[in-house]
Amino acid sequence: MRESFFERAWDVVRQIPEGRVASYGQVARLMGAPRCARQVGYAMHGSPGVAGGVPCHRVVFADGSLAPGFAFGGPGEQRRMLEAEGVCFRPDGRVDMKKSAWEV
DNA sequence: GGTTTGACGAGTT
DNA sequence: AAACTCGCCAAAC
């Protein structure tokens, strides 16, 4: 059943524990496509959302910055959601990958 | 079946 | 430090 690349991406994102964040490249790597970070990001855009079991808000850039224009109701909503899960943020507005990076 | 696109990443300027 | 460019690759047109 070779699910589409997207569905596989969702499956990996689904495994991200609470209070942790994973970069697009990280997710892509876990799915066996380390070069497909962009496709992962695009898959997130088309994800069913948290209601579908895909916490796309836990997926961030490799730098720890969030996607511009992200919205579950507002760009600041994602940060608020992550903080609520225990994710550490830096004054720059980026996620503290050093503490909140998803350890596989 | 070729072209365009894009929630990335790393390298340059 | 921030902005820009190039490369990668799957999905949509």
Side-chain angles (χ1 to χ4, degrees):
Chain A
M1 342 216 249
R2 281 196 288 232
E3 305 170 74
S4 299
F5 189 97
F6 288 33
E7 301 200 31
R8 281 197 260 179
W10 303 336
D11 191 47
V12 174
V13 175
R14 212 170 300 172
Q15 299 171 60
I16 302 176
E18 196 172 291
R20 261 341 150 30
V21 291
S23 65
Y24 296 93
Q26 180 81 47
V27 174
R29 189 157 69 129
L30 294 175
M31 71 188 342
R35 299 307 212 258
C36 295
R38 305 186 76 167
Q39 273 57 254
V40 174
Y42 199 58
M44 294 300 99
H45 193 136
S47 71
V50 185
V54 184
C56 28
H57 61 271
R58 284 183 198 148
V59 186
V60 300
F61 278 83
D63 305 342
S65 44
L66 306 176
F70 186 99
F72 284 106
E77 194 65 15
Q78 183 178 12
R79 176 174 175 174
R80 197 174 75 78
M81 224 187 302
L82 291 172
E83 286 184 299
E85 295 185 348
V87 176
C88 290
F89 270 83
R90 291 168 91 189
D92 308 14
R94 298 185 213 167
V95 178
D96 192 336
M97 298 300 277
K98 191 171 182 167
K99 293 181 180 178
S100 303
W102 180 29
E103 302 172 47
V104 220

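All chains are named by letter (A, B, ...) in the order of the sequence lines, taking the proteins before the strands, and each is independently numbered beginning at 1. Only a predicted model underlies this, so the values are computations on that prediction, with no experimental measurement involved.
Using cut-offs of 30° and 60° on the angle between ring planes, the pair A:Trp10 and A:Phe6 is perpendicular.
We find that CZ of A:Arg29 is positioned 19 Å from P of B:dC8, with the value rounded to whole Å. Counting to the nearest Å, the C1' atom of B:dC8 and the CE atom of A:Met97 are 13 Å from each other.
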Side-chain donor-acceptor pairs under 3.5 Å in residues 70-83 of chain A, sequence neighbours left out?
unit_1, atom_1, unit_2, atom_2, d
A:Glu77, OE2, A:Arg80, NH2, 3.0
A:Gln78, NE2, A:His57, O, 2.8

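Note on A:Ala37: only backbone sugar-phosphate atoms sit closer than 4.0 angstrom, heavy atoms only; bases stay farther off.
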Which letter, B, S or -, goes with each nucleotide of nucleotides 6-13 of chain C from 5' to 3', with contact meaning a protein heavy atom under 4.0 Å?
-> -BBBBS--
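Atom OH of residue A:Tyr24 and atom CE of residue A:Met44 lie 8.0 Å apart, to the nearest 0.5 angstrom. A distance of 8.5 Å separates CZ in A:Arg14 from CD in A:Glu7, rounded to the nearest 0.5 Å. The distance from atom CD of A:Glu3 to atom CZ of A:Arg8, rounded to the nearest 0.5 Å, is 8.0 Å. One distance of note links CZ of A:Arg90 with CE of A:Met97; it measures 10.5 Å at 0.5 Å rounding.
The two atoms that bring A:Ala37 and A:Ala28 nearest to each other are N-CB, 3.8 Å, heavy atoms only.
Helical stems involving DNA chain C, defined as 3 or more consecutive Watson-Crick or G-U pairs under 3.5 Å, span B:2-6 with C:9-13, B:8-13 with C:2-7.
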Residues A:Gln15, A:Val104; criterion side chain to side chain contact (heavy atoms under 4.5 Å, CB included); working and verdict = CA-CA 10 Å; A:Gln15 299 171 60; A:Val104 220; over 6 Å; no
